[in-house]
Amino acid sequence: MTQFREARPGDFEHIMRLYRQLHPGDPVLRDKSDAAAFAHILGSPGLHLFVLEADGAIIATTYLNLIPNLTRSASPYAVIENVVVEETLRGTGLGKQIMAGTLQAAWDAGCYKAMLQTGSRTPATHAFYRACGFSPDAKTAYLARPS
């Protein structure tokens, strides 16, 4: 039995363990700026860090950002980031489960669309997002990074 819920302060290390699976090359931050960012996210309206929990263990996470908007009848839109399922449990339907909860939270907030980006070139990743209801053909994404 799994539970979809918002992250709580005690979930930080568990979520960071999943993020290390997503980005294994990211450095461990000794200055605790990641913990400060986590606290900021938890305390900010419109920012939602979700987890999927099973038997007391956090096995998946998503990050939902609700963006206020002046177009589309002032309807907000959603950006979903950092979708991670415990690597030993991938392919078991847990990703679809957490994405369904995340999308429902966006719809419940009145969002007219939800977007995400992936840097993955793996066909299975793209098939997963299509199965969750995302279309790769609706928009074109561009990315800029500081030089």
Side-chain angles (χ1 to χ4, degrees), residues 2-9 11-29 33-54 57-147:
T2 59
Q3 178 190 14
F4 173 82
R5 63 171 176 80
E6 290 224 33
R8 299 187 286 247
D11 297 333
F12 174 71
E13 290 297 333
H14 305 285
I15 292 169
M16 292 307 296
R17 179 184 57 77
L18 291 172
Y19 284 173
R20 283 189 287 279
Q21 293 176 11
L22 180 65
H23 298 294
D26 278 3
V28 174
L29 301 177
S33 56
D34 51 356
F38 179 76
H40 178 79
I41 291 166
L42 295 187
S44 298
L47 303 181
H48 300 277
L49 197 53
F50 293 114
V51 298
L52 197 61
E53 185 176 8
I58 292 176
I59 55 174
T61 187
T62 57
Y63 180 32
L64 174 68
N65 296 260
L66 303 174
I67 314 296
N69 188 31
L70 294 175
T71 63
R72 306 292 183 167
S73 302
S75 298
Y77 62 92
V79 176
I80 300 169
E81 286 283 324
N82 302 331
V83 178
V84 193
V85 173
E86 162 63 45
E87 58 193 355
T88 62
L89 298 172
R90 292 178 189 162
T92 63
L94 297 170
K96 287 181 185 173
Q97 188 176 345
I98 196 165
M99 285 301 291
T102 303
L103 284 170
Q104 189 59 56
W107 308 148
D108 290 348
C111 292
Y112 80 95
K113 69 178 176 183
M115 302 181 294
L116 62 77
Q117 298 179 57
T118 180
S120 174
R121 301 285 183 238
T122 307
T125 301
H126 293 269
F128 165 72
Y129 287 126
R130 283 192 300 278
C132 291
F134 291 88
S135 169
D137 304 318
K139 295 270 184 176
T140 301
Y142 291 89
L143 179 66
R145 295 184 190 264
S147 49

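Quantities reported herein were computed from a predicted structural model and do not represent experimental measurements.
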## Note on the structure
Scanning both residues in full, the closest heavy-atom pair of T125 with T118 reads CG2-OG1, 3.9 Å
### Task
Give, for atom CZ of R130 and atom CG of D137, the distance between the pair rounded to the nearest 0.5 Å.
8.5 Å
### Query
Is the backbone of S75 close enough, under 3.5 Å, to the side chain of S73 for a donor and an acceptor to pair up by distance?
no
### Query
For T122, does its backbone N or O pair with a side-chain atom of S120 as donor and acceptor, under 3.5 Å?
yes
### Task
Starting at CZ of F12, measure out to CD1 of I41 and round the result to the nearest 0.5 Å.
10.0 Å
### Query
Which atom names give the shortest non-hydrogen contact between L42 and A7, and what distance separates them?
CD2-O, 3.6 Å
#### Entry: Residues, nucleotides or ligands: over 12 heavy atoms within 6.0 Å of K96 NZ
no
### Query
Does the side chain of N82 reach to within under 4.5 Å of the side chain of T61, using non-hydrogen atoms?
no
### Task
Would you confirm whether R90, through its side chain, and V85, through its main-chain N or O, come within 3.5 Å as a donor-acceptor pair?
yes
### Message
Is the shortest side-chain heavy-atom distance between D26 and Y19 below 4.5 Å?
### Response
no
### Query
Looking at CG of L49 and CG of L64, how far apart are the two atoms once the value is rounded to the nearest 0.5 Å?
10.0 Å
### Summary
Smallest heavy-atom separation, L66 atom then A78 atom, equals CD2-CB, 4.2 Å
### Query
Is any side-chain heavy atom of N69 less than 4.5 Å from a side-chain heavy atom of K113?
no
### Query
Is a side-chain N or O of T2 found less than 3.5 angstrom from the main chain of E53, in a donor-acceptor match?
no
### Query
Is any side-chain heavy atom of I80 closer than 4.5 Å to a side-chain heavy atom of H48?
no
### Side chain proximity check, E86 to L94, heavy atoms < 4.5 angstrom
no
### Task
Return the minimal non-hydrogen interatomic distance between A109 and P76, and the atom names on each side.
O-CG, 3.6 Å
### Task
Check the pair F50 / E6 against side chain to side chain contact (heavy atoms under 4.5 Å, CB included), numbers first and verdict last.
CA-CA 4 Å; F50 293 114; E6 290 224 33; 3.5 Å; yes
### Message
Is the shortest side-chain heavy-atom distance between M99 and F128 below 4.5 Å?
### Response
yes
### Query
Do the side chains of Y63 and L47 get nearer than 4.5 Å, heavy atoms only?
yes
## Note on the structure
Here the gap from F134 atom CZ to Q117 atom CD, rounded to the nearest 0.5 Å, amounts to 11.5 Å
#### Entry: Side chains of Y77 and M115 in contact at under 4.5 Å (non-hydrogen atoms)
yes
### Query
If you count the non-hydrogen atoms of other residues, nucleotides and ligands that lie under 6.0 Å from CZ in R17, is the total more than 12?
yes
### Query
Say you draw a straight line from CG of L52 to OG1 of T102; how long is it, rounded to the nearest 0.5 Å?
9.0 Å
### Message
Within this structure, what is the CD-CG distance for the pair E81 and L116, rounded to the nearest 0.5 Å?
### Response
8.0 Å
